[in-house]
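Notes for the one structure printed next.
Hydrogens, waters and symmetry mates are skipped; everything else that's a heavy atom, side chains included, is used.
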Amino acid sequence: MTKRHGHYCRICGSLKPNEAFSGKGHRIHVCKQCARLPKEEREEIERKDEIFNYLRQSRISDKNVSRLRKLAVSPNERVAELAGIALQVAEIKPNKKMRLKELARSVSENLVASN
């Protein structure tokens, strides 16, 4: 196996050479190109990644749920919508085991009840 050189940019998700990072960029894992993006756009990407990481966890903890509640009232509509969906998932089934089956069952029950 060969060792990969460079650093991973957490905004664009790519592996870039050391030269693509500034001094601060190395520490916060943001390349120079992504550092030039508007602050709102960078924060939106970071918040979306945070929300999707909560859904990948084996258990969505109470601390995560409280963070999702804060994100659900975000001024950014996309982030607020994603956080709201993740919050609903956390309330229905916080554990990852059998999460998809439980969600499918609750959705089908809601569809039957609404008809």
Side-chain angles (χ1 to χ4, degrees):
M1 285 193 134
T2 61
K3 185 176 177 184
R4 294 184 179 179
H5 298 285
H7 290 275
Y8 176 79
C9 176
R10 64 187 173 110
I11 301 296
C12 63
S14 61
L15 191 67
K16 294 188 175 187
N18 289 337
E19 294 81 20
F21 292 83
S22 68
K24 254 188 190 175
H26 278 282
R27 187 176 72 233
I28 62 172
H29 302 286
V30 177
C31 66
K32 290 178 186 176
Q33 193 174 16
C34 292
R36 289 187 207 116
L37 291 173
K39 185 177 179 180
E40 296 82 24
E41 191 174 336
R42 278 196 326 258
E43 287 179 352
E44 178 182 345
I45 293 169
E46 290 175 358
R47 299 301 161 251
K48 286 180 182 179
D49 287 343
E50 180 183 358
I51 292 167
F52 286 122
N53 286 336
Y54 289 147
L55 294 174
R56 285 188 207 107
Q57 292 177 356
S58 60
R59 174 163 166 63
I60 302 173
S61 69
D62 293 335
K63 282 186 177 181
N64 297 151
V65 170
S66 67
R67 176 68 178 151
L68 284 170
R69 284 194 180 107
K70 288 179 185 176
L71 290 173
V73 294
S74 171
N76 187 321
E77 293 177 15
R78 288 182 239 166
V79 171
E81 183 179 354
L82 281 174
I85 293 169
L87 187 59
Q88 289 175 350
V89 169
E91 289 171 351
I92 293 172
K93 185 74 172 158
N95 296 324
K96 192 171 186 180
K97 188 175 183 179
M98 305 285 284
R99 182 182 287 164
L100 290 177
K101 285 185 179 181
E102 185 70 29
L103 291 172
R105 186 178 305 127
S106 67
V107 168
S108 64
E109 288 173 0
N110 288 340
L111 289 175
V112 169
S114 66
N115 288 333

### Query
Counting only heavy atoms not in N53, do more than 12 fall under 6.0 Å of its CG?
yes

## Note on the structure
In terms of heavy-atom contacts, Y8 and L15 come closest through N-CD1, 3.8 Å

### Query
What are the two closest heavy atoms between A80 and S74, and how far apart are they?
CB-O, 3.7 Å

### Task
Might you confirm whether atom CD of E43 has over 12 heavy atoms from other residues, nucleotides or ligands at distances under 6.0 Å?
yes

### Query
How many angstroms lie between CD1 in I60 and NZ in K96, if you round to the nearest 0.5 Å?
9.5 Å

### Task
Identify whether L82 and L103 are in the same connected component of the hydrophobic contact network (ILVMFWY, side-chain heavy atoms under 4.5 Å).
yes

#### Entry: Note: R47-E50 ion pair, threshold 4.0 Å (strictly below)
yes

### Summary
Closest non-hydrogen atoms of A72 and G84, given as atom of the first, atom of the second and distance, are CB-N, 4.3 Å

### Task
Under the side chain to side chain contact (heavy atoms under 4.5 Å, CB included) rule, collect the residues that match up with D49, sequence neighbours excluded.
I45

### Query
Side chains of R67 and N64: do they bring a donor and an acceptor to under 3.5 Å?
no

### Task
Work out which heavy atom in I51 is nearest to a heavy atom in A83; give both atom names and the distance.
CD1-N, 3.7 Å

### Query
Under 4.0 Å between a Lys/Arg side-chain N and an Asp/Glu carboxylate O for E46 and R42?
no

### Message
Counting neighbours of CD on E44 that are heavy atoms of other residues, nucleotides or ligands and sit closer than 6.0 Å, is the number greater than 12?
### Response
yes

### Task
Calculate, to the nearest 0.5 Å, the distance between atoms CD and CZ belonging to Q33 and F21 respectively.
10.5 Å

### Message
Between R105 and E102, is there a side-chain heavy-atom distance shorter than 4.5 Å?
### Response
yes

### Query
Same hydrophobic cluster for L55 and V79, using side-chain heavy-atom links shorter than 4.5 Å among ILVMFWY?
yes

### Message
Could you report the tightest heavy-atom contact between L37 and E41, atom names first, then the distance?
### Response
CD2-OE2, 3.9 Å

Which donor-acceptor pairs under 3.5 Å do side chains of residues 85-95 form with protein atoms, sequence neighbours excluded?
| from | atom 1 | to | atom 2 | distance (Å) |
| --- | --- | --- | --- | --- |
| N95 | OD1 | R59 | NH1 | 3.4 |

### Message
Nearest 0.5 angstrom please: H7 NE2 to K16 NZ, how far?
### Response
13.0 Å

